[in-house]
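A quick write-up on the structure given underneath.
Values below: every heavy atom of this structure, side chains too, minus hydrogens, waters and symmetry copies. Residue numbers start from 1 in every chain, and the chains themselves are labelled A, B, ... in the order their sequence lines are given, proteins ahead of strands.
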Number of protein chains: 2
Amino acid sequence: MSEPSKVRVLSIDDHPLVREGLAALINDQTDMRIVGQGSTGHEAIKLFRELRPDVALMDVRLPDMSGIDAMITILSEFPEARVIVVTSSEGDVEMQRALEGGAKGYMLKSMPPNEVLQAIRKVHAGKKAIPPEIAAHLANHMSDETLTDREVEILQQVAEGNRNRDIADRLFISEGTVKVHIKHIMEKLGANDRTQAITIAVRRGIIRL
Amino acid sequence: MSEPSKVRVLSIDDHPLVREGLAALINDQTDMRIVGQGSTGHEAIKLFRELRPDVALMDVRLPDMSGIDAMITILSEFPEARVIVVTSSEGDVEMQRALEGGAKGYMLKSMPPNEVLQAIRKVHAGKKAIPPEIAAHLANHMSDETLTDREVEILQQVAEGNRNRDIADRLFISEGTVKVHIKHIMEKLGANDRTQAITIAVRRGIIRL
DNA sequence: ACGCTTTTCAGGGATATCGCCGAATACTGC
DNA sequence: GCAGTATTCGGCGATATCCCTGAAAAGCGT
């Protein structure tokens, strides 16, 4: 026990190359090491239970579920878990959900390696690691203009090219109601028409194509 | 010279973690090694001239230009260059452009490491490395339904939420012309309306939001 | 020079969307 | 209970879009 115990890191990402990169980077450090890797949300939960890592790096996009949902599940079981959410460069909504869901850090895959390592060290030390540009983005763009579940549902239908009449039929509501929802959606997003609503929603990460 | 010369690989990707992963993976092999890394298209071209690698791994999304355009520039100077285009999971158009542009291989970041290595070896041996699912996708979905430059331009305007009238003004054409273009676009993409046209175009990688 | 594609333009009818009005039900939080 | 929000519904007028027809100029390859 004379050796200083290293920070035990769990890495979840569906891209093997990213996992390799993270593993190589982290295992090169004297103060941390990778104790487990996975590529799905269910693996993440299973591995967390088994390994109880000090820090978990969680990709947002996983084959079976959102990494954020996996994180929330883990946090409900281990409220002390320190999770850093990793993303390629998605929209604002992901950040908000991640932070509201209890992420201790938010990290971009385009960040230089030393910043990645610093983020891990900060989070392990009990601090939060949010890149300043992300924090600023959140403060500005995100207020209370979040869409309701129903509105997102409608928006998704719109993106699929359905007419209001068709959307009404599919969701078992009247066409008038669909109109009202779309009106609200456009107001909240600041869109001129339904087409721009889709564009803005995709950019913000509200819907995925 | 008794030692077998290793395959010299150049890796271009704007995500340091992916580069790290690739580097770690490749340098672990006995028959290949990383001779250079870069994160932009211009770096790619510069490094290729200097290093003349046996195989170049080129990410499609780079900060300054498309990796495919960087590849085309390189090929115009070194027609024998063997370039493998690497992507996260983009649309069909990227593949088509990559292969038409002279890529010797196409690779997904989600592929397992051994397949990545196999692809590099195949391409170095002068063969092509196209994942079967990609090849199948190309054969089906892609025939001659490519949009013209003008049509893509119009489509981009549509995505921004501009009305036909506004698009006409911006591009200095009549509204009737805009209509015709949009009609053609929807025909080619098989879309019911302009909104779905956006959705399909983004999925296929024709436009980017 | 001929054919093909692209791009340009126009008019009109059917349909869809946008914007605005008002209104009822239901659930959440205080 | 009561305020606030979400969801539901209807109608109507102005405008936009979709779809059709027909046409013509410019560029490209053969």
Side-chain angles (χ1 to χ4, degrees), chain A residues 72 93 96-97 100-101 142-202 204 206-207, chain B residues 72 93 96-97 100-101 142-202 204 206-207:
Chain A
I72 291 172
V93 172
Q96 199 183 29
R97 277 204 64 211
E100 285 176 354
M142 207 79 77
S143 43
D144 41 12
E145 297 297 60
T146 45
L147 300 189
T148 65
D149 292 346
R150 192 56 155 176
E151 284 166 350
V152 173
E153 206 177 350
I154 301 272
L155 196 54
Q156 219 118 28
Q157 295 289 325
V158 172
E160 292 303 329
N162 292 314
R163 296 170 309 168
N164 292 348
R165 175 77 249 136
D166 297 336
I167 297 173
D169 290 347
R170 287 183 185 227
L171 302 183
F172 306 110
I173 56 178
S174 86
E175 195 175 341
T177 304
V178 175
K179 287 184 186 179
V180 175
H181 283 306
I182 293 178
K183 184 171 117 69
H184 290 157
I185 291 168
M186 294 196 300
E187 276 169 4
K188 287 184 179 178
L189 298 182
N192 301 318
D193 57 34
R194 51 169 54 207
T195 305
Q196 194 181 20
I198 299 299
T199 304
I200 295 173
V202 170
R204 295 211 187 152
I206 296 169
I207 60 171
Chain B
I72 290 173
V93 172
Q96 198 184 29
R97 276 204 67 213
E100 285 175 356
M142 206 79 78
S143 44
D144 41 14
E145 297 297 61
T146 46
L147 299 189
T148 66
D149 291 347
R150 192 56 157 176
E151 284 165 350
V152 173
E153 207 177 349
I154 302 272
L155 196 54
Q156 219 116 30
Q157 295 289 325
V158 173
E160 293 303 328
N162 292 315
R163 296 169 308 167
N164 291 349
R165 175 77 250 139
D166 296 336
I167 297 173
D169 289 346
R170 287 182 185 228
L171 303 182
F172 306 110
I173 57 180
S174 85
E175 197 175 341
T177 304
V178 175
K179 287 184 186 179
V180 176
H181 283 305
I182 294 179
K183 185 171 118 69
H184 289 157
I185 291 168
M186 294 194 301
E187 277 170 3
K188 288 183 178 178
L189 297 183
N192 300 321
D193 57 32
R194 53 170 53 207
T195 306
Q196 194 181 21
I198 298 300
T199 304
I200 295 174
V202 171
R204 294 207 187 157
I206 295 169
I207 60 170

Taking C-beta and beyond as the side chain, do His181(A) and Ile167(A) meet within less than 4.5 Å on heavy atoms? no

Under 4.0 Å between a Lys/Arg side-chain N and an Asp/Glu carboxylate O for Glu187(A) and Lys183(A)? yes

Asn162(A) and Arg194(A): which non-hydrogen atoms are nearest, and at how many Å? O-NH1, 3.5 Å

Round to a whole Å and report the spacing from [atom1] of [X] to [atom2] of [N].
{"X": "Glu151(B)", "N": "dT6(C)", "atom1": "CD", "atom2": "P", "result": "7 Å"}
{"X": "His184(B)", "N": "dC4(C)", "atom1": "NE2", "atom2": "C1'", "result": "14 Å"}
{"X": "Glu187(A)", "N": "dT7(D)", "atom1": "CD", "atom2": "C1'", "result": "15 Å"}
{"X": "Lys188(A)", "N": "dG19(C)", "atom1": "NZ", "atom2": "P", "result": "16 Å"}
{"X": "Met186(A)", "N": "dC20(C)", "atom1": "CE", "atom2": "P", "result": "10 Å"}
{"X": "Ile185(B)", "N": "dT17(D)", "atom1": "CD1", "atom2": "P", "result": "13 Å"}
{"X": "Ile154(A)", "N": "dA6(D)", "atom1": "CD1", "atom2": "P", "result": "14 Å"}
{"X": "Arg150(B)", "N": "dG27(D)", "atom1": "CZ", "atom2": "C1'", "result": "15 Å"}

Should [X] be listed as having a side-chain N or O under 4.0 Å from OP1 or OP2 of [N]?
{"X": "Thr148(A)", "N": "dT5(D)", "value": "no"}
{"X": "Arg194(A)", "N": "dT17(D)", "value": "no"}
{"X": "Arg163(B)", "N": "dT15(D)", "value": "no"}
{"X": "Asn164(A)", "N": "dA16(C)", "value": "no"}

Side chain to side chain donor-acceptor pair (under 3.5 Å) against Arg150(A), all qualifying residues, sequence neighbours excluded: Glu153(A)

Going by heavy atoms closer than 4.0 Å, what residues in residues 165-183 of chain B are next to DNA chain C? Ile173(B), Ser174(B), Thr177(B), Lys179(B), Val180(B), His181(B)

Any donor-acceptor pair under 3.5 Å from Thr195(B) side chain to Val158(A) backbone: no

Has the side chain of Glu151(A) got a donor or acceptor atom that lies under 3.5 Å from a matching backbone atom of Leu147(A)? no

Between the OG1 atom in Thr199(B) and the CD1 atom in Ile207(A), the distance rounded to the nearest 0.5 Å is 7.0 Å

